[in-house]
J.: 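Can you keep this structure in mind? I'll have questions shortly.
Numbers for residues simply follow the sequence, beginning at 1. Below, each value reflects all heavy atoms present in this structure, side chains not excepted, and no hydrogens, waters or symmetry copies. Remember, it's 1-based here, ligands and their atoms both numbered in the order they're listed.
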Amino acid sequence: GVPEVPARPVAPRRVSRQIHVGPVAVGGGAPVSVQSMTTTRTSDIGATLQQIAELTASGCQIVRVACPTQDDADALATIARKSQIPVIADIHFQPKYVFAAIEAGCAAVRVNPGNIKKFDDQVKEIARAAKDHGTPIRIGVNAGSLDRRLLQKYGKATPEALVESALWEASLFEEHDFRDIKISVKHNDPVVMIEAYRQLAEQCDYPLHLGVTEAGPAFQGTIKSAVAFGALLSRGIGDTVRVSLSAPPAEEVKVGIQILESLGLRQRRLEIVSCPSCGRAQVDVYKLAEEVTAGLDGMDVPLRVAVMGCVVNGPGEAREADLGVASGNGKGQIFVKGEVVKTVPESKIVETLIEEAMRLAERKSPA
Ligand code: SF4
């Protein structure tokens with residue numbers, strides 16, 4: 001396990017009420033959690049549980065599954081029971097699936113009461129069932145499915161429109177004295193999304209689920225999410241995150257965890273500090289950094305490893321890290337905790353760093 005070295009968070013967290021998604025506390029000062037969503041047909045129980053197991057292994061803390069059909073609703077009880085992490089059922093507007101998900105023991109339901117009201121007004125009954133089972137609800141406002149009334153009022157999905165929609169949705173539950181809610185206001189444009197969450201954070205005390213919707217393929221989606229989450233979390237806004245990528249869901253989790261680690265909201269694990277290389281480099285830094293990263297993959301004790309191309313900034317950075325190398329003249333000076341422990345030929349740099357890392361990791365691991 002990861003030793004409990006306190007991280008230094010980027011900013012004090014916004015004060016929000018706390019809800020519990022299964023055993024995971026969300027809001028009220030609880031650590032920011034990482035979520036993802038399965039891509040399998042939920043009715044395919046085996047495939048869905050397999051994907052949830054992969055997500056769990058990658059560090060996912062809460063998983064959401066879509067529930068568009070009766071077969072999916074029928075699968076929820078088994079999935080909720082066998083999943084190692086809490087399962088949220090994502091329901092568009094059929095009240096019967098909401099009741100099914102609550103009865104099935106899902107840890108939460110994502111549903112917008114506005115949709116329920118429009119088709120078959122059972123908001124009151126849903127609030128009662130959710131309260132009886134202690135099941136929280138996520139209200140998820142999306143730019144792409146904004147209420148027509150608000151689209152007409154604002155012309156498009158502005159931050160104000162998203163916030164008004166979210167608060168109206170919440171009020172439909174508040175009328176029935178139900179406040180076990182978290183909210184998201186997603187947009188594909190980080191500028192709109194950031195402003196929407198900022199306004200929403202001021203106007204309510206519900207915990208907030210951050211997401212940039214339709215963020216795109218892995219590279220673009222990673223950057224959009226990192227920028228948007230960074231802007232919000234650095235103001236203390238955000239209690240749980242989902243990175244949306246057109247990529248396998250375990251990738252979303254990796255990115256989400258890395259964002260939280262970068263912001264000091266979670267203890268950093270392995271961190272490679274490598275220089276960008278320049279005309280002074282005396283070694284192939286890219287190759288070296290990649291080989292060291294691959295060699296240390298899976299190490300879960302916090303470790304900062306510096307890989308530097310030359311002796312200009314090399315020794316300084318390598319000294320600040322737990323472990324480092326500064327290259328020059330076909331050799332690598334290996335630093336451990338600021339001391340040069342040995343100088344090895346270039347061909348031995350990677351294996352020496354890995355050896356030293358293992359030794360440090362053993363020392364850092366709790367007995
Ligand atoms: Fe260039 Fe050396 Fe700095 Fe790397 S450590 S960027 S090679 S000056």
J.: Got a donor-acceptor contact below 3.5 angstrom from the Asp322 side chain to the Arg304 backbone?
T.: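 Yes, because the side chain of Asp322 sits within donor-acceptor range (under 3.5 Å) of the backbone of Arg304.
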J.: Would you give me the side-chain donor-acceptor pairs under 3.5 Å for residues 16-25, sequence neighbours excluded?
T.:
from	atom 1	to	atom 2	distance (Å)
Ser16	OG	Gly28	N	3.0
Arg17	NE	Asp205	OD1	3.3
Gln18	NE2	Gly27	O	2.8

J.: The criterion is side-chain hydrogen bond (donor to acceptor under 3.5 Å, both in side chains); which residues satisfy it with Tyr286, sequence neighbours excluded?
T.: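 With neighbours one apart ignored, the set is empty.
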J.: Indicate yes or no: does Arg128 engage Glu125 in a salt bridge with an N to O separation below 4.0 Å.
T.: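 Salt bridge absent between Arg128 and Glu125.
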J.: Would you say Ser83's side chain and Ile79's backbone share a donor-acceptor pair under 3.5 angstrom?
T.: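 Between the backbone of Ile79 and the side chain of Ser83 there is no qualifying donor-acceptor contact (under 3.5 Å).
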J.: Hey, which protein N/O/S atoms does atom 2 (Fe) of ligand 1 have under 2.8 Å?
T.: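 The answer, once waters are left aside, is Cys310 SG.
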J.: Could you list the donor-acceptor pairs under 3.5 angstrom formed between side-chain atoms of residues 288-298 and any protein atom two or more places apart in sequence or on another chain?
T.:
from	atom 1	to	atom 2	distance (Å)
Thr293	OG1	Ala289	O	2.6

